[in-house]
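Every heavy atom of this structure was used, including side-chain atoms; hydrogens, water molecules and symmetry mates were not. For the single chain, residues carry numbers from 1 onward in sequence order.
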Amino acid sequence: MGRPLPLLGWPRRKQIQVQGAIAQGDVPLRQGEPVLDLRIFPVVPFWLQLLAGAVGIVAALVLWWYFFQRGHQGTVNSVTFEGSGQELLSASDDQTLRRWAIRKGRLRGRREVIKTDKAIRVARYRPVNNDQIWVGYENGDIQGWDVHTRRTYTLSFNRDDRVFDIALPWDGRRLISGHGSGFVLEWDITPGQTPLSQTEPARGFDVQFAIQALALAGVDQQQLIVAGRFNRLVMLDLPTEQLQPLNYPQGDGNQYILDVAIAPEKPTLMAVADNQGRLSLWDLAPCLPGDGPLAGNQPCRVLDDWITGHQEAPIRSIDFSADGCYLVSGGEDGRVMVWPLSTNGRRRPDAQAGQPWLRGRQIVTAVAIQQAPQRLMVAYGLEFGKVRVRSRGIR
């Protein structure tokens with residue numbers, strides 16, 4: 001009975017010893033016993049199997065890259081380091097929030113993806129233990145996740161009022177959101193007392209311009225910097241609810257301050273970036289409330305001001321290292337720049353032109369910086385979804 005050829009495998013060689021015979025058994029045969037050398041080929045040619053295997057490996061690598069390394073499928077709106085520098089959070093227009101593991105200053109894999117049903121504008125860790133993640137959505141909602149218990153919180157006041165930024169004080173008891181309508185909302189998120197859903201903030205303020213960025217200033221974080229359309233830059237004193245305009249060059253309806261940053265360990269040092277390519281460094285100490293006779297009675301002081309870093313292209317995002325010794329900026333010119341700063345809050349004399357960490361072709365939409373012993377880590381997100389971390393030694 002015959003056997004079918006194998007479907008897969010490699011060509012095989014088989015030797016068969018044959019013996020002749022005739023019907024008339026009394027007729028002797030004087031022949032030897034020849035050996036037949038057979039080569040058995042599979043139904044699918046071996047070369048085609050190798051080609052299919054190679055294609056499969058390439059496809060697996062592409063899928064691995066797509067799902068674990070590629071990043072997002074839409075513009076990255078926010079990147080932020082977890083306090084220890086071992087994790088990165090990124091949020092995107094593709095409606096996903098991704099948590100990345102960091103090892104030796106590089107992204108080493110994706111820990112988790114949270115899929116939502118709307119674009120995410122901003123994502124932040126709760127400062128206390130980084131045990132919660134809060135995000136602001138395109139439709140005006142704010143959502144929080146408890147990292148350990150997986151409990152979900154929702155803050156929703158005015159649908160369709162886009163959230164552009166959120167700020168969380170160090171005590172982790174409040175969340176402040178800035179909206180496209182010009183509203184600043186303060187929410188109570190006290191641990192153990194936060195309801196799963198809130199529809200009314202604790203209080204609200206109207207700054208009467210579209211908000212792009214928020215930052216908490218001062219040692220006690222009682223002053224909120226609010227920036228946005230028309231190049232408006234104001235300081236809101238939270239205890240008294242008084243607004244103080246800061247002396248920034250006014251603009252028309254197409255001119256925006258896109259980001260502001262405060263150095264955590266130098267809470268009176270502020271950086272401002274706008275869509276005209278301007279970066280500036282400020283000393284807020286003279287205009288902050290305090291106990292001295294001149295406290296709060298003088299204008300905030302501009303320490304440094306320049307437009308050379310990003311070829312006058314809009315600067316989308318900035319961030320300070322914790323000690324205020326480095327400022328990072330990312331712009332529409334495809335550059336990520338690091339600016340070493342002196343103790344007086346100005347650019348160092350030997351680094352007036354900054355240090356380029358990336359010269360690319362894609363718009364840089366989000367940046368973050370983390371200082372480790374003898375090293376700096378810079379994370380950045382791009383318009384078409386890539387997320388990267390670069391690490392260098394500090395000189």
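Within the model, atoms CD1 of Ile363 and CZ of Arg335 stand 15.0 Å from one another, a figure rounded to the nearest 0.5 Å. Here the OG-NZ distance, from Ser92 to Lys386, works out to 14.5 Å after rounding to the nearest 0.5 Å. The structure places OG1 of Thr96 at 9.5 Å from CD1 of Ile114, a figure rounded to the nearest 0.5 Å. Atom CG of Leu279 sits about 8.5 Å away from atom OG1 of Thr308, to the nearest 0.5 Å. To the nearest 0.5 Å, atoms CD (Glu200) and CG (Leu185) are separated by 9.5 Å. Atom CZ of residue Phe164 and atom OH of residue Tyr256 lie 7.5 Å apart, to the nearest 0.5 angstrom.
Closest heavy-atom contact between Leu341 and Phe320: CD1-CE2, 3.6 Å. Closest approach of Ala217 and Ile262 over heavy atoms only: CB-CD1, 4.0 Å. Here the closest non-hydrogen pair linking Tyr137 and Ile142 is CD1-N, 4.4 Å. A pairwise comparison of heavy atoms in Leu214 and Gly178 identifies CD1-N, 3.3 Å as the closest pair. Pairing each heavy atom of Leu288 with each of Gly218, the nearest pair is CD1-CA, 3.9 Å. Of all the heavy atoms in Ser280 and Tyr248, the pair that sits closest is OG-CE1, 3.9 Å.
The neighbour count for Asp171 CG, taken as heavy atoms of other residues, nucleotides or ligands under 6.0 Å away, is above 12. Dense packing is recorded around CD of Glu241, with more than 12 heavy atoms of other residues, nucleotides or ligands lying under 6.0 Å away. Residue-environment remark: CZ (Arg203) exceeds the threshold of 12 foreign heavy atoms within 6.0 Å.
With a 4.5 Å cut-off on side-chain heavy atoms, Leu327 and Val338 do not count as touching. At least one side-chain heavy atom of Ser90 sits less than 4.5 Å from a side-chain heavy atom of Arg98. For the pair Asp305/Trp282, no side-chain contact is recorded, criterion being any heavy-atom separation below 4.5 Å from C-beta on. Between Leu258 and Gln212, some side-chain heavy-atom pair lies under the 4.5 Å cut-off. Between Leu284 and Leu269, the closest side-chain pair of non-hydrogen atoms is not below 4.5 Å. In this structure, the side chains of Leu107 and Leu88 come closer than 4.5 Å at one or more pairs of heavy atoms. Side-chain contact between Arg232 and Ile257: absent, with no pair of heavy atoms (C-beta onward) separated by less than 4.5 Å. Counting heavy atoms from C-beta outward, Asn158 and Phe183 have side chains that stay 4.5 Å or more apart.
Between Tyr153 and Trp134, the two ring planes are parallel [angle under 30°; tilted spans 30° to 60°].
With sequence neighbours left out, Trp145 forms a ring pair (Phe, Tyr, Trp, His ring centres under 6.0 Å) with no residue at all.
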Worked check of side chain to side chain contact (heavy atoms under 4.5 Å, CB included) between Ser342 and Arg347:
CA-CA 6 Å; Ser342 301; Arg347 286 172 294 166; over 6 Å; no
Evaluation steps, side chain to side chain contact (heavy atoms under 4.5 Å, CB included), between Arg126 and Asp131:
CA-CA 6 Å; Arg126 178 172 172 262; Asp131 57 353; 2.7 Å; yes
Quick one: do Thr152 and Gln143 satisfy side chain to side chain contact (heavy atoms under 4.5 Å, CB included)? Show the steps, please.
CA-CA 7 Å; Thr152 302; Gln143 199 162 28; 3.2 Å; yes
When you look at Met270 and Leu246, which way does the side chain to side chain contact (heavy atoms under 4.5 Å, CB included) test go after all the steps?
CA-CA 12 Å; Met270 177 176 72; Leu246 302 185; 4.1 Å; yes
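Remark: the backbone N or O of Ser156 is not paired with any side-chain donor or acceptor of Thr199 at under 3.5 angstrom. Asp319 places a side-chain N or O within donor-acceptor distance of the main-chain N or O of Ile369, the cut-off being under 3.5 Å. A side-chain donor-acceptor contact under 3.5 Å links Thr75 to the backbone of Glu383. Under the 3.5 Å distance criterion, the side-chain polar atoms of Asn130 are left unmatched by any main-chain donor or acceptor of Tyr125. Counting only distance, with no hydrogens or angles, the side chain of Gln242 and the backbone of Leu236 share no donor-acceptor pair below 3.5 Å. At distances below 3.5 Å, not a single donor-acceptor pair connects side-chain atoms of Arg392 with backbone N or O atoms of Arg375. With hydrogens and angles disregarded, a donor-acceptor distance shorter than 3.5 Å links the side chain of Thr194 to the backbone of Ile189. With hydrogens and angles ignored, the 3.5 Å screen pairs a side-chain donor or acceptor of Gln370 with a backbone N or O of Gly83. Between the side chain of Asp252 and the backbone N or O of Asn254, at least one donor-acceptor pair lies under 3.5 Å. Between the side chain of Asp237 and the backbone N or O of Gln223 there is no donor-acceptor pair closer than 3.5 Å.
With Val226 as the partner, the side chain to side chain contact (heavy atoms under 4.5 Å, CB included) test is satisfied by one option alone out of Ile176, Leu243, Val184: Val184. Among the candidates Leu358, Val389, Val328, the single residue satisfying the side chain to side chain contact (heavy atoms under 4.5 Å, CB included) test with Tyr380 is Leu358.
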Review item, side-chain donor-acceptor pairs of residues 115-123, under 3.5 Å, at least two apart:
residue, atom, partner, partner atom, Å
Lys115, NZ, Asp94, O, 3.2
Thr116, OG1, Gln95, O, 2.7
Thr116, OG1, Lys118, O, 2.9

With a 3.5 Å cut-off and sequence neighbours excluded, list the donor-acceptor pairs that the side chains of residues 309-318 form with protein atoms.
residue, atom, partner, partner atom, Å
His310, ND1, Asp333, OD1, 3.0
His310, ND1, Asp333, OD2, 3.4
His310, NE2, Ser329, OG, 2.7
Arg316, NE, Glu332, OE2, 2.9
Arg316, NH2, Glu332, OE2, 3.3
Ser317, OG, Val367, N, 3.1

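Leu89 and Trp100 are not part of a single hydrophobic cluster, where members link through side-chain heavy atoms under 4.5 Å apart. Leu155 and Leu196 end up in the same hydrophobic cluster when Ile, Leu, Val, Met, Phe, Trp and Tyr side chains are linked at under 4.5 Å. Hydrophobic clustering (ILVMFWY, side-chain heavy atoms < 4.5 Å, transitive): Val147 and Leu97 are in one cluster. Tracing side-chain contacts under 4.5 Å through hydrophobic residues (I, L, V, M, F, W, Y), one reaches Val207 starting from Leu238; they form part of the same cluster. Note: the hydrophobic cluster containing Leu224 does not contain Val260 (ILVMFWY, side chain heavy atoms under 4.5 Å, direct or indirect links).
Here Trp339 and Trp306 bring their ring centres to under 6.0 angstrom of each other.
The pair Arg173-Asp188 does not count as a salt bridge, with every side-chain nitrogen at least 4.0 angstrom from each carboxylate oxygen. A salt bridge links Arg301 and Asp283; the closest N-O separation between the charged side-chain nitrogens and carboxylate oxygens is under 4.0 Å.
Side-chain contact check for Asp160 and Asn139: no donor-acceptor pair (N or O, by modelled atom type) lies under 3.5 Å.
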